[in-house]
Amino acid sequence: MKKFTNIPVSLIQYALVNRKISHLKLYIHLKLEDNGYVEYNKSSCKKWAEEIGIHEKTVKSSLDWLIANKWVTGNKKRCVLRIISYRNLSL
C-alpha cells in the first residue's frame, strides 16, 4: 500500500461542490491500496469501511456510484475492480 498520492485539485473541488466526499474517500483508498486493480469480495466493503471510518452501507452506495460514473470498473470473472487513473478521470 502506498503512503501518499498527488490528488488533482479539480477532483477535490468536484467532490466538494457535488457533495461526494465519501465517494472520493473510497476512490482514494482504493487507489492507494493497489496500483490499478483491487480484489473484491463480500468482506471487502466491511474492511474498507473500517479502514476509512465510514459506514458499510455508505461504502456500498459509494462503490455503486463510482462504478456507474466509471471511476471504477469491475471484472466479475476475476472478482477485481479496476481503478481508473486521475488522468483518465479528467478527460
Enquirer: Could you tell me whether the side chain of I54 reaches within less than 4.5 Å of the side chain of V59, counting heavy atoms only?
Expert: yes
Enquirer: What's the separation between atom OG1 in T58 and atom NZ in K25, rounded to the nearest 0.5 Å?
Expert: 9.5 Å
Enquirer: Rounded at 0.5 Å granularity, tell me how far CG in L81 sits from OG in S44.
Expert: 7.5 Å
Enquirer: For residues Y86 and N6, determine if any side-chain heavy atom of one lies less than 4.5 Å from a side-chain heavy atom of the other.
Expert: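 No. Closest side-chain heavy atoms not under 4.5 Å.
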Enquirer: What orientation do Y14 and W71 show, parallel under 30°, tilted 30 to 60°, or perpendicular over 60°?
Expert: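 Y14 vs W71 ring planes: tilted.
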Enquirer: Kindly indicate, with the supporting measurements, whether the criterion side-chain contact (heavy atoms from CB on, under 4.5 Å) is fulfilled by L89 and L11.
Expert: CA-CA 9 Å; L89 280 182; L11 190 60; 4.2 Å; yes
Enquirer: Is there a side-chain contact between Y40 and C79 in this structure, where contact means two heavy atoms from C-beta onward sitting under 4.5 Å apart?
Expert: no
Enquirer: For D64 and S61, which I'm curious about, is there any donor-acceptor pair between the side chains at under 3.5 Å?
Expert: no
Enquirer: Treating Ile, Leu, Val, Met, Phe, Trp and Tyr as nodes and any side-chain heavy-atom pair under 4.5 angstrom as an edge, say whether L32 and Y37 lie in one connected cluster.
Expert: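 Unlinked, L32 and Y37 end up in two clusters.
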Enquirer: With heavy-atom distances below 4.5 Å as the criterion, would you say the side chains of V72 and I84 are in contact?
Expert: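 Not in contact.
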Enquirer: To the nearest 0.5 angstrom, please state how far the CG atom of L16 sits from the CG atom of L24.
Expert: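 Here the rounded value is 8.0 Å.
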Enquirer: Quick one: CD on E33 to CD on E39, what's the gap to the nearest 0.5 Å?
Expert: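 Separation between the atoms: 9.5 Å.
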Enquirer: Check for a donor-acceptor pair, side chain of N18 on one end and backbone N or O of K20 on the other, with a separation under 3.5 Å.
Expert: no
Enquirer: Say you draw a straight line from NZ of K47 to CG of N41; how long is it, rounded to the nearest 0.5 Å?
Expert: 8.0 Å
Enquirer: Would a 4.5 Å heavy-atom cut-off, applied to side chains only, mark L66 and I83 as touching?
Expert: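 Heavy-atom side-chain distance check fails, nothing below 4.5 Å.
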Enquirer: Hey, what do you get for CZ (R82) to NZ (K70), rounding to the nearest 0.5 Å?
Expert: 12.0 Å
Enquirer: For a quick check under 3.5 Å, do S62 and Y27 share a side-chain donor-acceptor pair by atom type?
Expert: no
Enquirer: Any side-chain heavy atom of K31 within less than 4.5 Å of one from S85?
Expert: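 With C-beta onward as the side chain, the pair touches.
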Enquirer: Considering only Ile, Leu, Val, Met, Phe, Trp and Tyr, and joining two whenever side-chain heavy atoms are under 4.5 Å apart, list the other residues clustered with V9.
Expert: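 None; V9 is a cluster of one.
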Enquirer: Could you tell me whether E56 atom CD has more than 12 heavy atoms of other residues or ligands within 6.0 Å of it?
Expert: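 Count over threshold, so yes.
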Enquirer: Within the 4.5 Å heavy-atom criterion, are I7 and I12 side-chain neighbours or not?
Expert: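 Yes, their side chains come closer than 4.5 Å.
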Enquirer: Just wondering, do W48 and V38 contact through their side chains at under 4.5 Å, heavy atoms?
Expert: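 The answer is yes; the side chains approach within 4.5 Å.
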Enquirer: Is L30 reachable from V80 through a run of I, L, V, M, F, W or Y residues, each pair having side-chain heavy atoms under 4.5 Å apart?
Expert: no
